[in-house]
Each structure stands twice: as structure tokens, then as C-alpha cells.
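Note that these values count all heavy atoms, side chains included, but never hydrogens, waters or copies made by symmetry. In what follows, chains are A, B, ... by sequence order, proteins preceding strands, each numbered from 1.
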There are 2 protein chains.
Amino acid sequence: MTGNSRFAVSVHILAYLAYRQGAAVPSAEIAASVDTNPVVIRRLLAALVKTRLVSAQKGASGGFSLATTAENISLRDIYRAVEPEPSHGLSHFSPNTKCPVGAKIQSILHPIFVKAQAGMEAELARVSLAEVHRQLRPVCPGKK
Amino acid sequence: MTGNSRFAVSVHILAYLAYRQGAAVPSAEIAASVDTNPVVIRRLLAALVKTRLVSAQKGASGGFSLATTAENISLRDIYRAVEPEPSHGLSHFSPNTKCPVGAKIQSILHPIFVKAQAGMEAELARVSLAEVHRQLRPVCPGKK
DNA sequence: CTTAATGTAACTGACGAAGTTACTTTTGCC
DNA sequence: GGCAAAAGTAACTTCGTCAGTTACATTAAG
């Protein structure tokens, strides 16, 4: 598992916690579901705990659980918790300010990037963790 | 200039071509405006030529110019020309399929990511290169 | 035929993220 | 009290991607 999968893995983690219905789930169990190292999971969970989406219980028989209901958590909340501030490549982009184009291009692009980012997050905001959870346990036709 | 600034630099390139009003502009001149190496510029231009946003003229007194009007180029066109297919971290994310969550999470996330991407691109589609060009040459109050 | 340009391949270096090891701290449970 | 299990975290190793660079073949104007 290489490349930036922080968000995808984080949604997986929270979906797993929802699936386990409030139990204190150790990082090793989540790591088995994601198929990665427990430390990777704990690092992402640290961000999710900091933003109060998840609560952590140290010590024996400890573990992680959702800090609120799955309805109250949107994918945008998760995205913002674990993704770094989007730079869109504007940091480390230092055009020649002696050129009329280079002097202005950054200030022109910045608000455009902010809107593009907002457009993406608006779509994520429409999906709750509960919706993801629901799709995990689909209605089983014919079964009551 | 480090990190993924392909899109920002590409908009800069096209804005520069618009600014030069149809002249055949060599990559070295664009590189001076962006403050980077001409090869970096030519690599991005190769993608822009392939998608027919820009035309290239080889040989002495050759260079690059817009293949169409700035009104006809949206920032989404530029984005799609130079950014690789968005994986959103789903490639290289291989959860444990023996777990009920791991088995389904990818197919749940995929359509959500597609919508998020579309939300972002819709905002980029609203901005044309002409709009960027206009902001480069603002009305100069008092000047006729 | 010279010169200036594109088109590309090959290499280097920086950076970020995943993965791993190892250790400290905390806490339930016997 | 002491053991076991867990979070928390630091340090290190890969690994992939991209910007940057050098070098060279190809092309076309004058």
C-alpha cells in the first residue's frame, strides 16, 4: 500500500469502528482489516482522536471507538482530519516576479483553487459515515 | 519549486502564451517567467500539445502558441491535460478481503471519489483562460 | 550550412508517505 | 503488587514521484 491513501484508509478505519458497534477495538484488529501495520493505523487514529471523531482508551482491554454517532460524521470531517492543508502546488511555486505574468499569477490562482477545493469537499459533506456503514450491510433480499 | 505543481505551472504557461498574443514563444522564455528549467516547461507543453490546447513549431524561430482562443480553454481542460488519472489512494490500497469491511470498502468508496472529483472539476470548468488573462491586465484607473 | 528551436532519454536529488522496530506509558485484571 | 495488553511516539528504512539537469537527435528558417 503505497502512495497517499490516508483518506481512504481513514474511512476504512471509521467504517470498521462503526461495524464493531461501540466496542473498544485495538489497532491490531483494525490493521488486520486494512492489511497493514498497527502503527500506521495508530498514526491516522491520532489525527482522528485530535479532531474528536474517535475516542481512545489506553491500557489493557483498551482500544478505539467512535466518539459520536455515524450519522454525525461526514466524509468531509474525515478528510479534513487526516489530509494536510491543500497547497495545490502553490507552495514551492515561485515564479519570476519581474515578469508581469509571474508577478500576478499566484494571486489569481489562489481563489480559484480555494473554490475547486470547496467543490470537492461539498460532495464529501453529502456522505455520512452512516451511509457507508449502511452499504456494508446491504439488505439481503428474501431474508427477514 | 518542489511538490506537484504541474497544474499551477501549466496555467501559468498558458496565461503567458495568451499574454504574448499568438507569437511563437520558445520554452526558454516561458521558463524565465516561471523561473525553472526549459525542459520542465517542454514536458508540460508536450501534454498540452497532445490534447490540442497548444501548437508547437519546431526549428529556428519556432516556439509554442495557443491552438485556440483563450475563451475556448477552461481550467478543467488544462487540469485534465496535465494531471494523471486521480487514484485517490485507491490504487495501492488493498484491504483484507476476508474481512466484511475490507471486502466492500473499495467499491463503496470509488463512486464517492468520482463525485468528489467531479465537484472539483466543475468549479475549474467555470473559469476560462480568458478570465485569467483578463485579471493579468487589470483596468488601470486614469489611464486611457 | 548555420543557428535556434523542439523532442526526449537518462540521471540526480529532494520530499513525502508507508512500513517497521523498539521503547515508554497507561491501565485493567488476577 | 505485578503481569499483560494496549496506546503513544520516536527513529529509521524503503519506495515512488516529481523537479531539475545534462546531453543529444531532429527539425526548419534564413
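A salt bridge links A:Glu29 with A:Arg20: the distance from a Lys NZ or Arg NE/NH1/NH2 to an Asp or Glu carboxylate oxygen falls below 4.0 Å. We find that A:Glu123 and A:Arg76 are not joined by a salt bridge, their nearest charged nitrogen and carboxylate oxygen being 4.0 Å or further apart.
In this structure, the side-chain hydrogen bond (donor to acceptor under 3.5 Å, both in side chains) partners of A:Glu71, at least two apart in sequence or on a different chain, are A:Arg134.
Nearest-nucleotide mapping onto DNA chain C: of A:Ser61 and B:Lys58, the residue sitting toward the 5' end is B:Lys58.
Environment of NZ in B:Lys104: crowded, with over 12 heavy atoms of neighbouring residues, nucleotides or ligands closer than 6.0 Å.
Atom CG of A:Asn37 is separated from atom P of D:dT13 by 17 Å (rounded to the nearest Å). Atom-to-atom, CD of B:Glu83 to P of D:dT17 comes out at 14 Å; the value is rounded to the nearest Å. Put simply, CZ on A:Phe64 is 14 Å from P on C:dT27, counting in whole angstrom units. Taking atom CD on A:Glu29 and atom C1' on D:dA7, their separation rounds to 15 Å, with Å as the unit. Taking atom CD on B:Gln57 and atom P on C:dA5, their separation rounds to 13 Å, with Å as the unit.
Residues of residues 41-51 of chain B that place a heavy atom closer than 4.0 Å to DNA chain C, in numerical order, are B:Arg42, B:Arg43. Near DNA chain C, meaning a heavy atom under 4.0 Å from it, residues 12-24 of chain B has no residue at all.
Nearest nucleotide to the side chain of B:Ser27, out of D:dA7, C:dA17, C:dT6: C:dT6. Taking the side chain of A:Val39 as heavy atoms from C-beta on, and the options C:dA18, C:dT21, D:dG20, the nearest nucleotide is C:dT21.
Residues A:Val34 and B:Phe93 meet the side-chain proximity criterion, which asks for heavy atoms closer than 4.5 Å.
Checked against A:Ile13 for a side chain to side chain contact (heavy atoms under 4.5 Å, CB included), the options A:Ile41, A:Ile78, A:Leu53 give a single hit: A:Ile41.
Hydrophobic clustering (ILVMFWY, side-chain heavy atoms < 4.5 Å, transitive): A:Val39 and A:Val9 are in distinct clusters.
B:Phe7 and A:Phe113 have tilted rings, their planes meeting at an angle from 30° to 60° on a 0 to 90° scale.
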